[in-house]
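Here is the structure we will look at, set down as structure tokens.
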Amino acid sequence: MRILQLHSNFINYKPIQKEIAVAEEAEKQERRLEEIVVLFTAVEEGDNEAVAKKAIDEVQAFLEKLKVNRILIYPYAHLSSNLTKPADALKVIKAMEARAKEIGLETYRAPFGWNKQFTIAIKGHPLAEQLRVILPAEAEVKKEEKVSEAVKAEEKMKSLWRILQLDGEILPVEKFDFKGRENLEKFARYEISKVRASEQMPPHVTLMKRLEIADYEPGSDPGNIRWYPKGRLIKSLIEQLVTNKVIEYGAMEVETPIMYDFGHPSLADYLNRFPARQYILKSENKELFLRFAACFGQFLLVHDAQFSYKQMPLKVYELARYSFRREQRGEVVGLRRLRAFTMPDCHAFCTDLEQAKKEFIVRFKLCMQILEEIGLSKDDYEAAIRFTKDFYRENKRFITSLAKIFGRSVLVEIWKKRFFYFILKWDFNFVDNQDKAAALSTDQIDVENAKRYDIVYVDEKGEKQHPLIMHCSPSGAIERCVYALLEKAYKEQKNGKPPMLPLWLSPTQVRIIPMSDKHLEHAEKLADALETQHLRVDIDDRTLTLRKRVREAEMEWVPYIIVVGQKEIESDALPVRDRKTGKIRKMKLQELISEIEEIVKGKPLKPLPLPKHLSRRPQFYG
RNA sequence: GCCCCGGUGGCUCAGCCCGGUAGAGCGGCAGCCUCGUAAGCUGUUGGCCGCGGGUUCAAAUCCCGCCCGGGGCUCCA
């Protein structure tokens, strides 16, 4: 028996004329059914009542998932070329109907033996369309084979979850003592069972709006974000920092297109593994898709390059703004997961596993350093290392050495067989205020794509070889870094500390508040002096009370606030309100400049993204 | 994609259950206050009650569809 099962918004059908002698009696009336699972059914030779029962039971298990309780059994011969005799078929169909009613389904049936016209609207979700093949008991053996094939695939994907300790010992997750390692526990739980509960809005969503960093864009697709001047500054600074670090590491920065031709031979095969997750667009007679990583562009570019083992490892980098993934509707949240995001993506092409392992360590350290510089310390994230069983057997010490560099126990995921294109992968994961985890940096050793893209290098013997490819995002998506920083700030607030951004990312580093308009001129002088040292300084020249302006500066997370009045004109000691401590420190201007310069040393610099005078600024939110 | 909750001036929200003239606080604007470190006072502006359809004499309110947001699933090479 074959059943084409369609979850439908509605179906309209109308019997037109009898086709065969055994056709049932029916009225030639149009019928409409809504919110229904339609079962186009072909009864094949050898099917019997047991098959009918089994078919309905299988369907029912599925209906529970969909939370639908209404079916239409629609005889449909065209599904099979091995049909049984019509009279037997009708019997089996009736048996299906009886079974369905028996187990409490709201059951409808289209008449058997008629030529019918129909219109159907099928829902868009992945489970909406399914083909079932139900075989009679005799054929059970054959079916077993098929199942075992499926089970094998399933088996391949089965993951073992463990905790790898620094001494190299691997413990089952239940046996590990998570005392003092609550984040690792939350991360492990998130990865393994994904159980979580939360009623509140993610804190970073409220913050990104209130601080005028970013917001949803109702005029776009979900997961496409609008960035206000302050947010653009923060993002752009992080982008610059990551890019600088990766270039320092030795990668060559390139730029590749954001859209690709579906028909390109190297891409077609790769894409077949990731169906229906891209944005697709048409241009003239071509079908294009938007990139979901910088891999395509870089692979195609390196495919055309000529290089030998002497130039390896060969490192290529791109800040992929944007990468697009049409994530499922329910998964797109704030800045945690977007449909359009900025992905720093660095590939390294290595001669062999030995070289790859060496490079892997270099990049592991690089990623830790980059996160640290962004403002996420090792306490803010947890590591996961994922590999195949085979790889572990041969590389125990290597994997343990990664954990040692990380300095703490890590979560490991072990695959019995390789089913991705990589044999080893690690990722750093931020655990947020809702106990959800989001991956930041990651690196992988890819053993497949060099062949797929026909990327070759020339070895010592002058022979062409496929390299190993390492895929690394040194920071993870830039937007996700902003998410992590905001969530981290919120955590600190919960712990009684003032929430803030790292000084080098604070849109306003120093705010000067003149007591009254009589003191504005002096404020301007101080601001100019700070500005020439490349600090971001602004002046709150609005005619509001002092208390109110101080309050607003604090709510904007301004790290240093200086109130300027008559005393400051007469003396060069400035009352600097330090957000970190909440105290007012008497400082000379030069002392403040030195302090800030020391803290932001080595970080990218950018000017204030807004008018210097607060009276000249629009309000983007609130 | 599925299930649950929500969408009301720029922002946060009340009103909806039980249909009958749209409300508050914040913000904006104007005026006063010229101020010593987290909200000064007064006045005023501002709303196709997310969009479309239906029921009704009458819809922010009831019903249906869609869009957007949040949560839970699923998914996450």
Taking NZ, NE, NH1 and NH2 as the nitrogens, is one of them in A:K491 or A:E487 under 4.0 Å from a carboxylate oxygen of the other? no
What distance, rounded to whole Å, do you find between the two P atoms, one in B:C64 and one in B:C29? 44 Å
Validation row: A:R549, A:P514 side chains within 4.5 angstrom (heavy atoms): yes
Categorize A:V564 for me: base, sugar-phosphate, or nothing, with a 4.0 angstrom heavy-atom threshold over every strand shown. nothing
With rounding to whole Å, what would you report as the distance between B:C51 and B:C11 at their P atoms? 14 Å
Electrostatic pair A:R291:A:E318 at N-O distance under 4.0 angstrom: yes
Among residues 487-499 of chain A, which residues get a heavy atom nearer than 4.0 Å to RNA chain B? none
Evaluate the criterion ring-ring contact (aromatic ring centres under 6.0 Å, His included) for residue pair A:Y279 and A:Y322; output intermediate values, then yes/no. CA-CA 12 Å; A:Y279 281 103; A:Y322 285 106; over 10 Å; no
With a 4.0 Å cut-off on heavy atoms, is A:Q444 in touch with a base, just the backbone sugar-phosphate, or nothing at all? nothing
Sugar-phosphate, base or nothing in reach of A:R549, heavy atoms under 4.0 Å: nothing
Check whether any side-chain N or O of A:R325 sits under 4.0 Å from OP1 or OP2 of B:C75, and answer yes or no. no
With heavy atoms under 4.0 Å as the rule, sort A:G334 into base, sugar-phosphate or nothing. sugar-phosphate
Rounded off to whole Å, could you give me the CG-to-C1' distance for the A:D221 and B:C68 pair? 11 Å
When the distance from CD of A:E448 to C1' of B:A77 is rounded to whole Å, what number comes out? 10 Å
Expressed as a whole number of Å, how far does the C1' atom of B:A60 sit from that of B:G9? 14 Å
Take atom C1' in B:G6 and the same atom in B:C13, then report the distance between them in whole Å. 12 Å
Can you check nucleotides 39-46 of chain B for protein contacts, nitrogen or oxygen pairs under 3.5 Å, and list what you find?
residue	atom	partner	partner atom	Å
B:A39	OP1	A:R547	NE	2.9
B:A39	OP1	A:R547	NH2	2.2
B:A39	N7	A:R551	NH1	3.2
B:A39	N7	A:R551	NH2	3.2
B:A39	N6	A:R551	NH2	2.8
B:A39	N1	A:R551	NH2	3.2
B:G40	OP2	A:T545	OG1	3.1

For nucleotides B:C49 and B:G43, find the distance between their C1' atoms and express it as a whole number of Å. 27 Å
Tabulated below should be each protein N or O lying under 3.5 Å from an N or O of nucleotides 63-66 of chain B; please produce it.
none

Using atom C1' of each nucleotide, how far apart are B:U12 and B:C73 to the nearest Å? 30 Å
Remember a base hit wins even if backbone is also touched, and classify A:P575 as base, sugar-phosphate or nothing at under 4.0 Å, heavy atoms. base
Can you name the one residue among A:V447, A:L468, A:L424 that meets side-chain contact (heavy atoms from CB on, under 4.5 Å) with A:L353? A:L468
For residues A:Q298 and A:T256, is any side-chain donor paired with an opposing acceptor at under 3.5 Å? no
Tell me whether the rings of A:F349 and A:H347 are parallel (<30°), tilted (30 to 60°) or perpendicular (>60°). tilted
A:M201 CE to B:C68 C1', in whole Å, measures 12 Å
Please tabulate the protein-to-nucleotide N/O contacts below 3.5 Å involving nucleotides 10-13 of chain B, giving atom names and distances.
residue	atom	partner	partner atom	Å
B:C11	O3'	A:Y621	OH	2.9
B:U12	OP1	A:Y621	OH	3.2

Return the set of residues passing ring pair (Phe, Tyr, Trp, His ring centres under 6.0 Å) with A:F40 (not counting sequence neighbours), or none when no residue passes. A:Y74, A:Y76, A:F118
Honestly, is A:R480 close enough over A:F430, meaning NZ or CZ under 6.0 Å from the six-membered ring centre and within 45° of the axis? no
Which comes earlier along RNA chain B counting from the 5' end, the contact point of A:R579 or that of A:P218, where each point is its nearest nucleotide? A:R579
Please evaluate residues A:Y483 and A:D432 with respect to the criterion side-chain hydrogen bond (donor to acceptor under 3.5 Å, both in side chains), reporting the C-alpha separation (whole Å), side-chain torsions for both, the decisive distance (0.1 Å), and the verdict. CA-CA 9 Å; A:Y483 142 83; A:D432 70 16; 2.9 Å; yes
Atom CZ of A:R585 to atom C1' of B:G36: distance rounded to whole Å? 19 Å
Applying side-chain contact (heavy atoms from CB on, under 4.5 Å) to A:R551 and not counting sequence neighbours gives A:M555
Using atom C1' of each nucleotide, how far apart are B:C63 and B:U42 to the nearest Å? 47 Å
Specify the closest pair of heavy atoms between A:A438 and A:R336, including all atoms of both residues, with the distance to one decimal. CB-CG, 4.0 Å
Whole-Å distance between B:A77 P and A:E327 CD? 9 Å
Would you measure the distance from the P atom in B:G15 across to the matching atom in B:A24 and give it in whole Å? 15 Å
If I take atom NE2 in residue A:H519 and atom P in nucleotide B:U37, what distance separates them, rounded to the nearest angstrom? 14 Å
